[in-house]
Amino acid sequence: MKVLVTGGTGFIGSHTCVELLEKGHDVVIIDNLVNSSPKVVDRIRAITGRDVTFYKEDVRNRKALDEIFEKHDIGCAIHFAGLKAVGESVRMPLEYYDNNLNSTITLCETMRDHNCKNIIFSSSATVYDSANKVPLKETDLTGNCTNPYGWTKYMSEQIMRDTAFADEEWSVTLLRYFNPIGAHPSGLIGEDPRGIPNNLMPYISQVAVGRLDHLNVFGNDYDTPDGTGVRDYIHVVDLAAGHVAAIDYMEDHKGENVFNLGTGIGYSVLDMVHSFERVNNIKIPYEIAPRRAGDLATTYSSPQKSAEVLGWKAKYNLDDMCRDSWNWQSKNPMGYDTE
């Protein structure tokens, strides 16, 4: 199948392109490179030994999307493209609603008009209501989001859900996940955030490589085993494999389908630090800082439905995630700008 991957040069998108190509699919990438590097495309080719078609375009550009669908026989789209920093979304809500919602609407309209009605959406655990108990299940309450980024994921899900309800030919798969970390074992592609990282693992990696002098741990007085926040971390290669499994499933299942992709295990901030130190033999200096507003003590998912329905299960453990993260960062100290 020929798969259109929006945001395909990003962290999760690039790893998903690799998995797709290695499973025999053809890949067309569209990405405006706002938060990624064009070097990713050649590295995907280097890993897989296969070609990939790349368009530097914004998904909101309807004319460009029409031309891509006219040129390629797209069988399915995987929609990653979007702005994704929680804090930034609070400061720039209009930009987030414009970018994330209009890209979803434009993509779905274009797909409908070209009779391509299979879409997988890169959603997020941020759509779950904080009142739910862990582990989070697909049937739990959603909404009551705490930031514009979360609302854009929630609203995008609803847009696709309504589209599938209105037209039974659509197959919509919503994949919800938490904190992807790690990198491809080759060390050729990985997470390369712009500026100071918003997420824990790239922050740890940049401390390890000397770009930052220490890690701030926000709160050590939560009701958790070591007092630090507990989250559901998943290896990005496992996450990418989950998207490929969803393609195999959706070919025979129309309508709306929702799946959590996670390990089902919660790891604390200090679990992450200690694992990284042990497997990579590197000391990570850290300081305890005040809690951040809105942070929960513990949140992780139940991946049981994905295992039973998709036949997908995470293969990599926390040590693997930490080892592969450092392999990427140590080979690319300044990310894709290392060259």
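Numbers here simply count residues along the sequence, with the first being 1.
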So that I can tick it off, tell me whether [Y] and [X] are bridged by a salt bridge, with the cut-off set at under 4.0 angstrom between side-chain N and carboxylate O.
| X | Y | result |
| --- | --- | --- |
| R50 | E22 | no |
| D238 | K313 | no |
| K23 | E19 | yes |
| K305 | E138 | no |
| D295 | R292 | yes |
| E169 | K254 | no |
| D66 | K63 | no |
| R278 | D319 | yes |
| D221 | R291 | yes |
| R62 | D113 | yes |

ask   = Can you tell me how far the OH atom of Y154 sits from the OG atom of S123, to the nearest 0.5 Å?
value = 11.0 Å
key: Any residue meeting salt bridge (charged side-chain N to carboxylate O under 4.0 Å, His left out) with D167, in chain and number order, not counting sequence neighbours   =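 Salt bridge (charged side-chain N to carboxylate O under 4.0 Å, His left out) list for D167, sorted by chain: K117.
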request  = Show the numbers, then the answer: is there a side chain to side chain contact (heavy atoms under 4.5 Å, CB included) between L33 and T9?
outcome  = CA-CA 7 Å; L33 302 178; T9 58; 3.5 Å; yes
ask   = Using a side-chain heavy atom cutoff under 4.5 Å and only I, L, V, M, F, W and Y, what cluster partners does I119 have?
value =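 In the cluster with I119 are L4, V28, I30, Y55, V59, L65, I68, F69, I74, L107, M111, F121, M160, W170, V172, L174, V258.
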request  = Only one of T126, N99, N100 passes side chain to side chain donor-acceptor pair (under 3.5 Å) with T152; say which it is.
outcome  =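 That would be N100.
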key: Exercise: do H235 and D324 side chains pair donor with acceptor under 3.5 Å   =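 Side chains of H235 and D324: pair found under 3.5 Å.
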ask   = Looking at side-chain heavy atoms only, is the closest gap between C322 and S275 below 4.5 Å?
value =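 Touching, per the 4.5 Å side-chain cut-off.
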ask   = Do the side chain of K153 and the main chain of A125 share a donor and acceptor less than 3.5 angstrom apart?
value = no
Identify all side-chain donor-acceptor contacts of residues 259-272 below 3.5 Å with residues at least two apart in sequence or on another chain.
residue, atom, partner, partner atom, Å
N260, OD1, Y128, OH, 2.7
N260, ND2, Y128, OH, 3.4
N260, ND2, L136, O, 3.0
N260, ND2, S302, O, 3.4
T263, OG1, D232, OD1, 3.3
T263, OG1, I265, N, 3.1
T263, OG1, I265, O, 3.3
S268, OG, D226, OD2, 2.6
S268, OG, L270, N, 3.4
S268, OG, D271, N, 2.9
S268, OG, D271, OD2, 3.2
D271, OD2, S268, N, 2.9

ask   = Considering residues, nucleotides and ligands other than K283, do more than 12 of their heavy atoms fall under 6.0 Å from its NZ?
value =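 Atom NZ in K283 is not crowded, with 12 or fewer foreign heavy atoms closer than 6.0 Å.
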ask   = Using 30° and 60° as the class limits, which term best fits the ring planes of Y96 and Y149: parallel, tilted or perpendicular?
value =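 Y96 and Y149: perpendicular rings.
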request  = Take the angle between the ring planes of H15 and F11 and call it parallel below 30°, perpendicular above 60°, tilted in between.
outcome  = perpendicular
